[in-house]
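Just so it is clear, the values below take in all heavy atoms, side chains as well, and ignore hydrogens, waters and symmetry mates. In what follows, every chain begins at residue 1, and chains take the letters A, B, ... in the order their sequences are listed.
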Amino acid sequence: MPELPEVETIKRGLDATIIGQRIVDLEILLPKMFIGDPANVIGSVVENISRKGKLLVIDIRNDKNEASGDINDEFSIMIHLKMTGQLIFKSQTLEAFAGGHPIPPLNTPVPNKSTKVIFQFESGDILYFNDLRTFGYVKVVLRKLVSEELFVKSLGVEPFGGDFTATKLNELIEKRKNMNIKAFLLDQKYIAGLGNIYTDEALFFAGVLPTRLVGSLNHGERQLLYESILSVLEKGINLQGASKTSYVNLAGKLGTFMSDVAVYQRTGKPCICCGRPIEKIKHVGRGTHFCSFCQK
DNA sequence: TGCCCCCTGCAG
DNA sequence: CTGCAGGGGGCA
């Protein structure tokens with residue numbers, strides 16, 4: 001489910017809520033979803049949160065032995081939400097959210113049937129990892145080994161990492177001329193973070209049909225695609241993500257990107273540009289939405 | 001590079 | 001009831 005904007009929204013929520021907090025207990029309700037040693041988590045303090053594509057990385061320090069500075073006390077919790085993962089934060093302290101706003105009531109009661117891992121903090125705050133389809137995971141590794149993880153190593157350029165430029169996109173395109181453009185955008189090893197929603201949206205705003213081959217894009221289309229990728233992702237972040245069914249932010253609330261979408265799941269509805277009906281096909285194994293008039 | 005699979009729930 | 005769902009790994 002969550003793509004870059006959804007994970008980024010959660011990342012920002014975690015920044016405002018769990019940094020500096022000590023994890024005092026861990027409840028694992030579905031063992032296959034937790035990889036690693038819980039002992040490396042319990043008793044540790046959250047130091048930093050980051051995002052790599054759609055992967056969330058929570059850096060923790062396990063300072064139980066007072067051996068501060070020892071790199072072997074530094075672990076990371078990697079969380080991948082895959083299709084239906086959720087992280088929901090229940091605070092005991094009203095000021096926990098950024099800006100000093102009061103905690104809104106949870107839209108998604110927790111724990112519930114899909115709760116798989118529960119992080120209990122010293123403050124009494126609780127972080128719930130839910131995953132209905134159980135495709136996601138929580139994985140604990142030594143922090144210095146995160147970059148050695150196969151999934152992390154295979155990630156391509158980060159759209160907001162500074163090195164994603166029009167030139168960079170062009171280089172990637174030149175490398176993969178015969179690949180289908182939608183498959184190319186979905187493949188995390190080229191650009192990290194795009195999923196089905198934002199791919200369809202970016203292609204629409206670039207005026208490019210999802211069935212095109214990468215190499216067939218002319219200079220102008222490449223430039224427009226570059227700008228479209230960034231703008232749909234930014235819009236997604238600004239609207240707190242896209243919520244179709246299962247995505248919610250930390251407070252269990254729905255994002256609003258879906259109400260602003262141009263083509264994704266708007267099959268049969270009028271194109272926002274020309275008014276002709278949006279079409280849907282199955283392409284690259286995914287539902288694919290587009291306007292055959294506005295996209296060439 | 002394409003297909004199947006991991007799962008569960010819900011729309012059609 | 002079948003098919004489909006925002007991800008990605010493993011297999012040919």
Which Ile, Leu, Val, Met, Phe, Trp or Tyr residues join A/L132 in one cluster when any pair of side-chain heavy atoms under 4.5 Å counts as a link?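 Direct or chained contacts put A/L132 with none.
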
Could you identify which residues cluster with A/F290, counting Ile, Leu, Val, Met, Phe, Trp and Tyr as linked when any side-chain heavy atoms lie under 4.5 Å apart, either directly or through a chain of such contacts? A/L209, A/I281

Could you tell me how far [M] sits from [N] if I compare only their [atom1] atoms? Round to whole Å.
N	M	atom1	answer
C/dG6	B/dT1	C1'	22 Å
B/dG9	C/dG9	C1'	23 Å
B/dC6	C/dC1	C1'	22 Å

Step by step, work out the side chain to side chain contact (heavy atoms under 4.5 Å, CB included) result for A/E47 and A/R143. CA-CA 11 Å; A/E47 290 195 327; A/R143 200 186 298 183; 2.8 Å; yes

Among pairs that include at least one residue of residues 22-63 of chain A, which meet ring-ring contact (aromatic ring centres under 6.0 Å, His included), considering only residues two or more places apart or in two chains? none

Electrostatic pair A/R266:A/E279 at N-O distance under 4.0 angstrom: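 No, this pair does not count.
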
Salt-bridge test for A/K235 and A/D260: reply yes if a basic N is under 4.0 Å from a carboxylate O, no otherwise.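 Salt bridge: yes.
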
Taking 4.0 Å as the cut-off, does a side-chain nitrogen or oxygen of [X] come that near to OP1 or OP2 on [N]?
X	N	value
A/Q188	C/dG8	yes
A/Y264	C/dG6	yes
A/K82	C/dG8	no
A/H80	C/dG8	yes

Could you work out which one of C/dG7, C/dG6, C/dC4 sits closest to the side chain of A/K280? C/dC4

What is the distance, to the nearest angstrom, from the [atom1] atom on [X] to the [atom2] atom on [N]?
X	N	atom1	atom2	answer
A/L56	C/dG7	CG	C1'	15 Å
A/L155	C/dG7	CG	P	14 Å
A/L186	C/dG7	CG	C1'	10 Å
A/H289	C/dG6	NE2	C1'	11 Å
A/F257	C/dG6	CZ	P	14 Å
A/E149	C/dG9	CD	P	11 Å
A/K153	C/dG9	NZ	P	13 Å

Looking at DNA chain C, which of residues 199-215 of chain A put a heavy atom within less than 4.0 Å of it?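 Those residues whose heavy atoms fall under 4.0 Å from DNA chain C, taken from residues 199-215 of chain A, amount to none.
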
For atom NZ of A/K11, is the number of surrounding heavy atoms from other residues, nucleotides or ligands below 6.0 Å larger than 12?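 Yes, the 6.0 Å shell around NZ holds more than 12 heavy atoms from other groups.
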
Hey, which of A/I23, A/I18, A/V45, A/D73 is the one that makes side chain to side chain contact (heavy atoms under 4.5 Å, CB included) with A/I60? A/I23

Just to verify, what does A/T134 make a side chain to side chain contact (heavy atoms under 4.5 Å, CB included) with, not counting sequence neighbours?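 A/L30, A/K32, A/M33, A/K116.
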
Kindly write out the residues that satisfy side chain to side chain contact (heavy atoms under 4.5 Å, CB included) with A/K144, not counting sequence neighbours, or none if the list is empty. A/I71, A/N72, A/L142

Applying a 4.0 Å non-hydrogen cut-off, can you work out what [X] is touching in the nucleic acid: base, sugar-phosphate, or nothing?
X	answer
A/K113	sugar-phosphate
A/A242	base
A/G287	sugar-phosphate
A/Y198	nothing

Give a yes or no on whether A/F75 and A/V141 share a hydrophobic cluster (residues Ile, Leu, Val, Met, Phe, Trp, Tyr; joining criterion: side-chain heavy atoms under 4.5 Å apart). no

Show me the side-chain donor-acceptor pairs of residues 153-164 of chain A shorter than 3.5 Å, one per line, residues at least two apart or across chains.
from   : atom 1 : to     : atom 2 : distance (Å)
A/S154 : OG     : A/L150 : O      : 3.4
A/S154 : OG     : A/F151 : O      : 2.9
A/E158 : OE1    : A/R51  : NH1    : 3.2
A/E158 : OE1    : A/G53  : N      : 3.3
A/E158 : OE2    : A/R51  : NH1    : 3.2
A/E158 : OE2    : A/R51  : NH2    : 2.6

What residues in residues 127-138 of chain A put a non-hydrogen atom under 4.0 Å from any atom of DNA chain B? A/L132, A/R133, A/T134, A/F135

Can you list the stems that include DNA chain C, where a stem is three or more consecutive Watson-Crick or G-U pairs with distances under 3.5 Å?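 Stems found: B:1-6 with C:7-12, B:8-12 with C:1-5.
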
Between which nucleotides of DNA chain B, 5' to 3', does chain A make heavy-atom contacts below 4.0 Å?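 Endpoints of the contacted stretch of DNA chain B: B/dT1 to B/dG9.
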
All N/O donor-acceptor pairs, side-chain side in residues 196-208 of chain A, below 3.5 Å, sequence neighbours left out:
from   : atom 1 : to     : atom 2 : distance (Å)
A/N196 : OD1    : A/K182 : NZ     : 2.5
A/N196 : ND2    : A/G287 : O      : 2.9
A/Y198 : OH     : A/E6   : OE2    : 2.7
A/T199 : OG1    : A/G195 : O      : 2.7
A/D200 : OD1    : A/K182 : NZ     : 2.7
A/D200 : OD2    : A/H289 : N      : 2.8
A/D200 : OD2    : A/H289 : ND1    : 2.8
A/E201 : OE1    : A/A262 : N      : 2.7
A/E201 : OE2    : A/A262 : N      : 3.2
A/E201 : OE2    : A/V263 : N      : 2.8
A/E201 : OE2    : A/Y264 : N      : 2.9

Taking side chain to side chain donor-acceptor pair (under 3.5 Å) as the cut-off, I'd like each qualifying pair that reaches into residues 215-233 of chain A, sequence neighbours left out, listed once.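 Listed once each, the pairs are A/N170-A/R222, A/E174-A/R222, A/R212-A/S216, A/R212-A/E221, A/Q223-A/E227.
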
Is there side-chain contact between A/I126 and A/F121, with at least one heavy-atom pair below 4.5 Å?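 The answer is no, as the side chains (C-beta and beyond) never meet within the 4.5 Å cut-off.
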
